[in-house]
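Right, one structure below, let's go through it.
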Amino acid sequence: MNINDGGRRRFEDNEHTLRIYPGTISEGTIYCPIPARKNSTAAEVIESLINKLHLDKTKCYVLAEVKEFGGEEWILNPTDCPVQRMMLWPRMALENRLSGEDYRFLLREKNLDGSIHYGSLQSWLRVTEERRRMMERGFLPQPQQKDFDDLCSLPDLNEKTLLENLRNRFKHEKIYTYVGSILIVINPFKFLPIYNPKYVKMYDNHQLGKLEPHIYAVADVAYHAMLQRKKNQCIVISGESGSGKTQSTNFLIHHLTALSQKGFASGVEQIILGAGPVLEAFGNAKTAHNNNSSRFGKFIQVNYQETGTVLGAYVEKYLLEKSRLVYQEHNERNYHVFYYLLAGASEDERSAFHLKQPEEYHYLNQITKKPLRQSWDDYCYDSEPDCFMVEGEDLRHDFERLQLAMEMVGFLPKTRRQIFSLLSAILHLGNICYKKKTYRDDSIDICNPEVLPIVSELLEVKEEMLFEALVTRKTVTVGEKLILPYKLAEAVTVRNSMAKSLYSALFDWIVFRINHALLNSKDLEHNTKTLSIGVLDIFGFEDYENNSFEQFCINFANERLQHYFNQHIFKLEQEEYRTEGISWHNIDYIDNTCCINLISKKPTGLLHLLDEESNFPQATNQTLLDKFKHQHEDNSYIEFPAVMEPAFIIKHYAGKVKYGVKDFREKNTDHMRPDIVALLRSSKNAFISGMIGIDPVAVFRWAILRAFFRAMVAFREAGKRNIHRKTGK
Ligand SMILES: Nc1ncnc2c1ncn2[C@@H]1O[C@H](COP(=O)(O)OP(=O)(O)OP(=O)(O)O)[C@@H](O)[C@H]1O
Ligand SMILES: [Mg+2]
């Protein structure tokens, strides 16, 4: 046998990676890499795609080959071999990803009537259709301008023309519009194919306004401004809940890391991209306004070398909504990660973590049925069965995706198991319920003691200690240790407080670990000059049927952000014109300083009054409201409902919101209880005991120091070995 023949056969049998672009068939996937051999058929490739992307198996799919951007699609027969087709593409297309964009495989669905065939007429129609859509989105020259991509260039600018212009553009899938250097985004609630690498390339180093408005353009301007001016940049995103802030942040981060990949890619990009899904799984939840609502605020800072290469990054987290863990309003859910875990865990994990079904956990099954009134004397209940599932969601797939993202940010399998075990402990803890021991006194007992061993096993704490912490309070007075039983309502609060403490400590720990992985050691060297771009994505403005302390804090944060916008856009700009002597009519804008002062100005701002009342043992909801009324009776930014209701109304920049004061004081002083801290610190599991009360800065310094010493020891060892080799001793 000829050796060369064998060599060729081996070569021919090599595995290739086909990039298949599923487009709208699998939203959120730009392309899916499928391994295939020279003789793999289109049918086999489609089969792999269906499994990988969890596509609907009842539908019929075909592969289409495209050899020119936006050009004709050549439908492959099931027996055709895509790798053989790909081998015919020019070398440029195979080697250089970006210019290779014109050559690709698309996944297409076949209609029931069998359309999508070879046949030049249909193909031409498709080409024309695609061109029309691209033209409408502004990516090809337009015959005539019907709308304005910058609101500043509207000939007659008023609210009506402005809204009409935005509506017109939106109708043509143009979701982005400039107002000078600000970008307005209208959430399309469907995936538009305008984020693939072609667009990254298109917006690279271009002048703002030269191309159709795009989120990539904003990232690009920030990046090049940072490099040219050697100044750090910041992108601030604002909008109400569900308007698309987090999605926009993800696109920005994607572009900011993609831009730097031209140089040396350090792998930090992988961690940055993995951090998003991890933070979203643990910090986002379904709300009435948004199926993926951020319940925490984040500031992501991407650090660059002066050359523009990504060095590292840093995530700062603000205010996680802890109350959601133990209670959710109608049609809302707990944090995503619980549902992912319960749907996606393997049999082995299910038994190791004692997992049950979501409806068996108190923290997940409180979906209150909402009464619907059909007529005055006929009440019925909303028949919505549950909201464990969100339309179009694949929880098993989400769990896999989460595991992958956790791996990307450096969570080893052991750490992942510890995290999931802790999540299970929290869920079981929530199932503990109490009863009065006797009718005569207030002492209490646990109704379902069988849950205790499970929680104690998962948390690795002694069962007796756990029991003690859940039913009694220990106080130390002068030289004396008192053990007092909790009352029924107090015990429930303690149980919930423990669950919330555990979850928020876990969330802080995750952020801390992500930062550890993101921070490149070069960031720490003082002589390396770094530049950065920060992206701020907070929880959006909220106004629900029932608004509580959480909405008050969230809306206050948004009020501050609005103030920042006002400062920059109106005040500073106008002052600049004035100093430059440019004639300028002062623009009226809603200045929200008074609202911010009402909430936070010392010493009588609502937050300070709340602090005072929280520390006052005799305080009640009514005394708190009275205090608010007494201090701010004449303030036009606060109102009190006409009917007696324990609530107050704030006139925010985005509208009036009514807040119920119930639980304001408790939520304001929701600290970790010393008894619980002591219990969790006693855990034999170093992960849990270490997580409680961590001082992230101290732990981080310690990690750096440890890494430094390890490197020193390794260096010395290597030195010794070298001397040993040289001298032969
Ligand atoms: N550019 C976009 N293209 C396609 N879909 C989008 C886009 N922006 C937002 N969406 C859709 O809208 C949903 C809500 O967006 P997102 O979670 O970003 O809102 P948000 O402003 O961060 O809300 P919150 O303040 O509640 O966190 C997303 O899950 C996504 O389905
Ligand atoms: Mg968000």
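Note that ligands are numbered from 1 as they come in the structure, with each ligand's atoms numbered from 1 the same way. Values reported hereafter were calculated over all heavy atoms of this structure, with side chains retained and with hydrogens, waters and symmetry mates removed.
- Between the side chains of Glu666 and Asn668, no donor-acceptor pair of N or O atoms lies under 3.5 Å.
- Ranked by closest heavy atom to atom 22 (O) of ligand 1, the top entry among Ile554, Thr246, Asn558 is Thr246.
- Of all atoms in ligand 1, listed by their number and element, those nearer than 4.0 Å to a heavy atom of Gly540 are 25 (O).
- Side-chain contact check for Val302 versus Val310: some heavy-atom pair is nearer than 4.5 Å.
- Between Tyr176 and Val218, the closest side-chain pair of non-hydrogen atoms is not below 4.5 Å.
- The shortest distance between side-chain heavy atoms of Phe565 and Val236 falls below 4.5 Å.
- Residue contacts with ligand 1 for Asn290 involve side-chain atoms from C-beta outward but no N, CA, C or O (heavy atoms, distance under 4.0 Å).
- Of the listed options Asn292, Ile186, Asn187, Asn187 places a heavy atom closest to atom 13 (C) of ligand 1.
- Near Ser293, with a cut-off below 4.0 Å to any heavy atom, the atoms of ligand 1 are 24 (P), 26 (O), 27 (O).
- Ring planes of Phe420 and Phe399: tilted class, angle from 30 to 60°.
- For the residue pair Asn284 and His336, no side-chain donor N or O sits within less than 3.5 Å of a side-chain acceptor on the partner.
- Listed by number with element, the atoms of ligand 1 under 4.0 Å from a non-hydrogen atom of Phe251 are 1 (N).
- Of the listed residues (Tyr195, Phe189, Phe541, Phe191), the one carrying the non-hydrogen atom nearest atom 1 (N) of ligand 1 is Tyr195.
- The closest approach between Gly239 and ligand 1 stays at or above 4.0 Å for every heavy atom of the residue.
- Backbone and side-chain nitrogen or oxygen atoms of Lys245 are examined, and one is located within less than 3.5 angstrom of a nitrogen or oxygen of ligand 1.
- Using bins of under 30°, 30° to 60° and over 60° for the plane-to-plane angle, the ring pair Tyr503/Phe507 lands in the parallel bin.
- Between Arg295 and ligand 1, not a single N/O pair is under 3.5 Å apart.
- Residue contacts with ligand 1: Asp537 is placed with no nitrogen or oxygen under 3.5 Å of a nitrogen or oxygen of the ligand (distance criterion only).
- Within the 4.0 Å heavy-atom cutoff, Glu542 does not count among the residues contacting ligand 1.
- Residue contact check: Glu240 has heavy atoms under 4.0 Å from atoms 21 (O) of ligand 1.
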Please test Leu256 against Tyr304 for side-chain contact (heavy atoms from CB on, under 4.5 Å), starting from the C-alpha separation and ending with a verdict. CA-CA 10 Å; Leu256 288 173; Tyr304 297 88; 3.3 Å; yes
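- Taking 4.5 Å as the limit, some side-chain heavy atom of Tyr361 sits within range of a side-chain heavy atom of Leu342.
- Here's the thing with Ile538: none of its N/O atoms is less than 3.5 angstrom from an N/O atom of ligand 1.
- For atom 28 (C) of ligand 1, the nearest non-hydrogen atom of the protein is Gln247 NE2, 3.9 Å.
- Counting heavy atoms closer than 4.0 Å to ligand 1, residue Lys190 contributes backbone atoms (N, CA, C, O) but none from C-beta onward.
- Counting only heavy atoms of the protein, atom 15 (O) of ligand 1 lies nearest to Gly244 CA, 3.5 Å.
- Using the six-membered ring where Trp is involved, His214 and Tyr195 have ring planes that are perpendicular, over 60° apart on the 30 and 60° scheme.
- The shortest side-chain heavy-atom distance between Phe552 and Ile599 falls under the 4.5 Å cut-off.
- Residue-level proximity to ligand 1 for Pro188 is carried by the side chain, the only part with a heavy atom below 4.0 angstrom.
- Contact between Arg396 and Ala343 at its shortest, heavy atoms only, is CG-O, 3.4 Å.
- Put simply, the angle at the Mg ion (ligand 2) from OG1 in Thr246 to OG in Ser294 is close to 90°, to the nearest 10°.
- In the model, Thr246 has no side-chain atom that pairs as donor or acceptor with a side-chain atom of Glu280 under 3.5 Å.
- Inclusion of Tyr176 in the set of residues having an N or O under 3.5 Å from an N or O of ligand 1 is not warranted.
- Geometrically, ligand 1 and Phe539 share no nitrogen or oxygen pair separated by less than 3.5 Å.
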